[in-house]
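First comes the structure, then the notes that go with it.
Note that this is a predicted model, so its numbers are computed, not measured.
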There are 2 protein chains.
Amino acid sequence: MPTQTFFNLSEEKKKRLIAGAMKEFSTKSLNDASISNIVKNATISRGSFYQYFEDKKDLYFYLIGKFRYNYRKLMYDSFVKEEGDFFKGYKNFGEKYILYIRQSPKFGFFENMYLHMNYQINQEARLDFDKAKGKVMPEGKRIVDVIKRDSLKINTEEELVSIVRYLLSVLNDTIMEGFWKELSIEETQQLFVKRLEWITYGVAVSQKEED
Amino acid sequence: MPTQTFFNLSEEKKKRLIAGAMKEFSTKSLNDASISNIVKNATISRGSFYQYFEDKKDLYFYLIGKFRYNYRKLMYDSFVKEEGDFFKGYKNFGEKYILYIRQSPKFGFFENMYLHMNYQINQEARLDFDKAKGKVMPEGKRIVDVIKRDSLKINTEEELVSIVRYLLSVLNDTIMEGFWKELSIEETQQLFVKRLEWITYGVAVSQKEED
DNA sequence: TATTATAAGTGACAACGTGTCACATAGCAA
DNA sequence: TTGCTATGTGACACGTTGTCACTTATAATA
């Protein structure tokens, strides 16, 4: 977390610092980026930097939090639009989310983030989700409440939450793979939908009875 | 790839260097590890190091390749044992593989590898690995040939290959998650089997017709 | 206005890590 | 002995990090 000192800064100076950092992080991974470059980009002194942030990571996570798309609303809306259908809801959500990431003006930043971070991203996504689960959506509704459960082999709400989480990590993994393999937006979307299809309907032919 | 000079070294010296590197990489990530420590551990001079390896990464990937379990045979055997059954074969394979990783004397090294693995490292290591060894199984047998296809919704062999690969990445992701959530071996295995079940049979109740 | 307390800004600096290079040494064949 | 090749070495230049004693700005108060 940035210090209070950082938040007290003038908007102009804050923007300068953020822009300088984004420039660095858009072409380099967290590990390759250097504070020296960032403070040079932003024309602030090295000493000042350490009055705002603990270290490079601190700044980086702040930026991720700042620019991360609030996927919860997108997800919620997607499921509402598709009347709670698991497959269609996720398809809608995933395709839109991929589009957002790939067409974002922060493209370079996101690309680097996905290519170089796995553990942290998953952890962040999970924490985010847990927060959303504990708290309540702005409208007072939760994502798990707008997913039609009667067409799913789900016994407990806990299991649904666990599936919903898993699909999020599948989406993130697919986006990552798309960046690495330099897939087009459409190819990345198709890859996600294919995996979603597997998970929704299974790769095995239907049994007489469900397991 | 290490240089010929490295391979020409006496077994004793090679072992000393590998041990020194494993010590460092068992407690630190690739980024946090330092060549300075490794050469100090192995009591070789800094200059020598650079005659054997291009850089830290070069050594790291060499070690991954050296100690990586040759999962192909384990996978092949598992499917043969389970008579080509997709679910049972993967269950058998995944459980054994997880056990191997977690009970390995190289535990610390693997733990660190999984915890700090990102997509780029993963893929680079894979490229290194493919380069070092032939792509074909020693016996000339392919895994896709021992998976019973008639119980799968598979049209082309390409699709099967793509599913098989995906399941491998699901397994790796699950192992990673197990490490950072500090799950027990059994919990990690159960998590993998649950996901395998989803992917095999789907989370949706069986349709009258498959899609 | 002068005084004072608090907040913010600064860059030199020590510590540490990297990759290189000119040079040293060992092994061996002619 | 001479020469050739392979291997070993550590000082060095360069870059990065986090700190710290010190300076400057801001604003409240006498």
Side-chain angles (χ1 to χ4, degrees), chain A residues 1-64 109 112 116-117 120, chain B residues 1-64 112 116 118 120-121 124 128:
Chain A
M1 283 284 289
T3 61
Q4 190 54 47
T5 307
F6 173 74
F7 292 112
N8 292 343
L9 253 37
S10 72
E11 283 306 312
E12 189 277 326
K13 191 161 190 178
K14 263 187 284 189
K15 272 188 188 164
R16 197 146 44 88
L17 179 45
I18 289 170
M22 288 302 282
K23 185 178 172 192
E24 181 73 353
F25 287 128
S26 291
T27 53
K28 296 195 184 123
S29 71
L30 174 58
N31 283 301
D32 291 339
S34 85
I35 294 172
S36 298
N37 278 332
I38 292 170
V39 298
K40 203 160 57 181
N41 286 345
T43 50
I44 62 165
S45 76
R46 183 168 194 78
S48 288
F49 178 91
Y50 285 97
Q51 268 183 315
Y52 310 146
F53 301 97
E54 202 177 317
D55 53 20
K56 207 173 32 173
K57 258 189 175 177
D58 192 20
L59 165 58
Y60 193 66
F61 288 135
Y62 167 70
L63 292 175
I64 287 180
F109 177 76
N112 256 286
H116 298 279
M117 297 194 23
Q120 280 94 344
Chain B
M1 285 284 288
T3 61
Q4 191 53 48
T5 306
F6 173 73
F7 292 113
N8 292 343
L9 251 38
S10 71
E11 283 306 312
E12 190 278 324
K13 191 161 190 178
K14 262 188 283 188
K15 271 190 186 163
R16 198 146 42 90
L17 180 44
I18 289 170
M22 287 303 282
K23 185 179 172 192
E24 181 74 354
F25 287 129
S26 291
T27 53
K28 296 193 184 125
S29 72
L30 174 57
N31 283 300
D32 290 340
S34 85
I35 293 172
S36 298
N37 278 332
I38 292 170
V39 298
K40 203 159 55 180
N41 287 344
T43 50
I44 62 165
S45 75
R46 184 170 192 77
S48 288
F49 179 91
Y50 284 98
Q51 267 183 315
Y52 310 145
F53 300 97
E54 203 177 317
D55 54 20
K56 205 173 32 172
K57 258 189 177 177
D58 193 19
L59 166 58
Y60 193 66
F61 291 153
Y62 166 70
L63 293 175
I64 288 181
N112 251 283
H116 298 97
N118 59 44
Q120 186 159 59
I121 302 233
E124 280 178 23
D128 250 41

message: Looking at A:S34, is its backbone amide N or carbonyl O close enough to the side chain of A:E24 to form a donor-acceptor pair, meaning the two atoms are under 3.5 Å apart?
response: yes

task: Could you pick out which residue, A:I44 or B:N37, lies toward the 5' side of DNA chain C when each is mapped onto its nearest nucleotide?
output: A:I44

- request: Give a yes/no answer on whether the side chain of A:S36 brings an N or O atom under 4.0 Å of OP1 or OP2 in D:dG15.
  value: no

query: B:R16 CZ to D:dG8 P: how many Å, rounded?
result: 10 Å

task: Test A:E11 against every option in A:K14, A:K15, A:K13 by the side chain to side chain donor-acceptor pair (under 3.5 Å) rule and name the one that passes.
output: A:K14

- prompt: Side-chain N or O of B:Y52 less than 4.0 angstrom from OP1 or OP2 on D:dG8?
  reply: yes

query: D:dT7 phosphate, OP1 or OP2: any side-chain N/O from B:K13 under 4.0 angstrom?
result: no

task: Starting from C1' on C:dA8, measure out to CZ on A:F49 and report it in whole angstrom.
output: 16 Å

field: Stepwise side chain to side chain contact (heavy atoms under 4.5 Å, CB included) test for B:L59 and B:Y52
entry: CA-CA 9 Å; B:L59 166 58; B:Y52 310 145; over 6 Å; no

field: Phosphate-side-chain proximity, A:S48 and C:dT10, N/O vs OP1/OP2 below 4.0 Å
entry: yes

query: In whole angstroms, how far is the P atom of C:dA8 from the CZ atom of A:F53?
result: 14 Å

- request: Please confirm whether A:Y60 and A:F53 have ring centers closer than 6.0 angstrom.
  value: no

message: Tell me whether the side-chain N/O atoms of A:S45 come closer than 4.0 Å to OP1 or OP2 in C:dG11.
response: no

query: Should we say atom NZ of B:K23 is surrounded by more than 12 heavy atoms from elsewhere, each under 6.0 Å from it?
result: no

task: Specify the separation, in whole Å, of atom CG of B:L9 and atom C1' of C:dA26.
output: 14 Å

- prompt: Atom NZ of A:K57 and atom P of D:dT17: how far apart are they, to the nearest Å?
  reply: 14 Å

query: What integer distance in Å separates B:Y50:OH from D:dG10:P?
result: 15 Å

- request: Kindly point out which of D:dG8, C:dG9, D:dT17 is positioned nearest to the side chain of A:Q51?
  value: C:dG9

- prompt: Between B:R46 and D:dT9, is there a side-chain N or O to OP1/OP2 distance below 4.0 Å?
  reply: no

message: C:dA8, OP1 or OP2 - any side-chain N/O from A:N8 closer than 4.0 Å?
response: yes

field: B:D32 CG to C:dT18 C1', straight-line distance once rounded to whole Å
entry: 15 Å

Rounded distance in Å - CD1 (A:I38) to C1' (D:dT17): 12 Å

query: Counting just side-chain N and O atoms, does A:T5 come under 4.0 Å of either OP1 or OP2 of C:dA8?
result: yes

